[in-house]
Protein chains: 2
Amino acid sequence: MQLTRERIIAAAMELIEREGVDAVSMRRIAAQLDSGVMTLYNHVPSKSALLEGVAEQVMSGIDFSLDPEASWEDQVRALARAFRHALRAYPRCAMVTVSRPATSAAELRTMEQALTLLRSVGFGEEDAVRVVRMFIGYIVGSLLREVGVAPGLVPQRPLGQDQSVLQADRVVGLDPSEFPLVTGMSAELMQRDHDADFEFGLNLLVHAVSELRPARAK
Amino acid sequence: MQLTRERIIAAAMELIEREGVDAVSMRRIAAQLDSGVMTLYNHVPSKSALLEGVAEQVMSGIDFSLDPEASWEDQVRALARAFRHALRAYPRCAMVTVSRPATSAAELRTMEQALTLLRSVGFGEEDAVRVVRMFIGYIVGSLLREVGVAPGLVPQRPLGQDQSVLQADRVVGLDPSEFPLVTGMSAELMQRDHDADFEFGLNLLVHAVSELRPARAK
DNA sequence: ACCTGAACACCGTTCAAGT
DNA sequence: ACCTGAACACCGTTCAAGT
């Protein structure tokens, strides 16, 4: 089968999801595709360009279809959920995506869509940008934690079977007198309904933003 | 001069800030400390343990001193700012920090402090955890973008002089008919007052959380 | 146009050996 | 207790050579 940029990106994404970014090497991808290492370079200029392709692939998974009948708050919610949904489809690839500058068309489309929505309901340029950034910050930050790589205690079953990740469950073993709440609430902290948590924060944000709007809208 | 864990971590942090995480290698750190590579392993068990040390160092920079006279909203704000402040002191090391599970005492202390504050003003266990996570999500997500590695358009002068980062300025060159707002607002999008942006979102969040509280407080 | 092996300048870490 | 060089099994990428 012919080697293509698409197949190479797909192989990289598979490998990232299965073993993590650190396991990705041009040599391993080539092996997986039954080709020589150097063959990859006929379709992809470098490893970092390949990872950029992965990022673009992840972001192109965002479903932008909005219900124009819905309230603008619901449209904001839908957009935020679509972003989150695309990232969650490939959690480890999503980490790669949010760890590099956004330059691809797929990434900019998200920004464009969000700005359009906010401008259309009366937000000024400056506030529109700030609100979008706040939502992106929240969505990305939540996902980082959820995937188990950010502050806030490691939350769930690890994605891989690496011991390095498994050992993260050691909230037990903390000094309860130093961390009474963390130890006492470890059940709360460890096993979470991430979707419910996300909706909780999303509602707070939408509510906050919705209170902000009328004051500035013409 | 004697080699110590502290000196090794400090050298790693310097290297990370100057050239980025990818430039960090045990060999380069050793060279910088005028020692053999293997000497490092007498003080640090592995490279990944070394990076965990970096993360702990970053998190230990959080200043937890709160004014007990202040309103709880102001205390929440102060805590959020202290977290952000510590991360911004070493932006590239902060990226390393938020990219790995939080297990160190310094990291857990942040969670403990935040939970204590929220519980003391009447939030239930579940809401306290959710609120803290929302703030962490926002702070971390904002910083990711601000440092220039997350979606939302590359914002500022790159930290290093690498061409790979410099080329990120190419919002010019986009098709204005496809991205009218992004291209039209590129000035807004590119040069930002990050502190003002952060305070903007922080205020919205605090306001949202403050509206949530009375409904549940006893 | 597409493929490729050899080679180069790097990695992290094990091990056996030094003081 | 602390240090270290050689060696091993890896990297990404250049280059010259093949079809």
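Small disclaimer: the values here were computed from a predicted structure and weren't measured.
Note: CD1 (B/Ile29) to P (C/dT13) measures 11 Å, nearest angstrom. Straight-line distance from the CG atom of B/Asn42 to the P atom of C/dT13: 14 Å, rounded to whole Å. For the pair A/Leu33 CG and C/dC3 P, the computed distance is 11 Å after rounding to whole Å. Residue B/Ile8 contributes atom CD1, which lies 12 Å from atom C1' of D/dC3 at whole-angstrom precision. One interatomic measurement links the two molecules: CG of B/Leu3 to C1' of D/dA1, which rounds to 13 Å at whole-angstrom precision. Atom pair B/Met26:CE and D/dA6:P shows a separation of 19 Å (rounding to whole Å applied).
Across D/dT4, C/dC11, C/dT13, the shortest atom-to-atom separation from the side chain of B/Arg28 is found for C/dC11. Residue A/Arg27 has its side chain nearest to C/dA7 when only C/dA7, C/dC3, D/dA6 are considered. Nearest nucleotide to the side chain of B/Tyr41, out of D/dG12, C/dT4, C/dG12: C/dG12. Here D/dT14 is the nucleotide among C/dC3, D/dT14, D/dC11 with the atom lying nearest to any side-chain atom of A/Met38. Taking every side-chain heavy atom of B/Lys47 into account, C/dG12 is the closest of C/dC3, C/dG12, D/dC2.
Counting non-hydrogen atoms under 4.0 angstrom, B/Val44 reaches nothing in the nucleic acid. Nucleic acid contact for B/Thr39: base, since at least one base atom lies under 4.0 Å from a heavy atom of the residue.
For D/dA1, neither phosphate oxygen OP1 nor OP2 lies less than 4.0 angstrom from any side-chain nitrogen or oxygen of B/Gln2. In this model, the phosphate group of C/dA1 is not approached by any side-chain N or O of A/His43 to a distance below 4.0 Å at OP1 or OP2.
The shortest side-chain heavy-atom distance between A/His43 and A/Arg7 does not fall under the 4.5 Å cut-off. Between B/Leu117 and B/Gln113, every side-chain heavy-atom pair lies at or beyond the 4.5 Å cut-off.
Remark: B/Arg84 qualifies as a cation-pi partner of B/Phe198 under the 6.0 Å distance and 45° angle criteria applied to the six-membered ring.
Here the options are B/Arg77, B/Arg81, B/His194, the test is side-chain hydrogen bond (donor to acceptor under 3.5 Å, both in side chains), and the partner is B/Glu199; only B/Arg81 passes.
Taking the six-membered ring where the residue is Trp, the centroids of B/Phe135 and B/Phe83 are separated by 6.0 Å or more.
Residue-environment remark: CG (A/Asp67) exceeds the threshold of 12 foreign heavy atoms within 6.0 Å.
Separation of atoms CD1 (B/Ile139) and NE2 (B/His85) is listed at 13.5 Å; rounding is to 0.5 Å.
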Exercise. How does DNA chain C read in dot-bracket, base by base from 5' to 3', with Watson-Crick or G-U pairs under 3.5 Å and | used when the partner is on another strand?
Worked result: ||.|||||...|||||.||

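If A/Ala23 and B/Leu40 are placed on DNA chain D by their nearest nucleotide, the residue sitting closer to the 5' end is B/Leu40.
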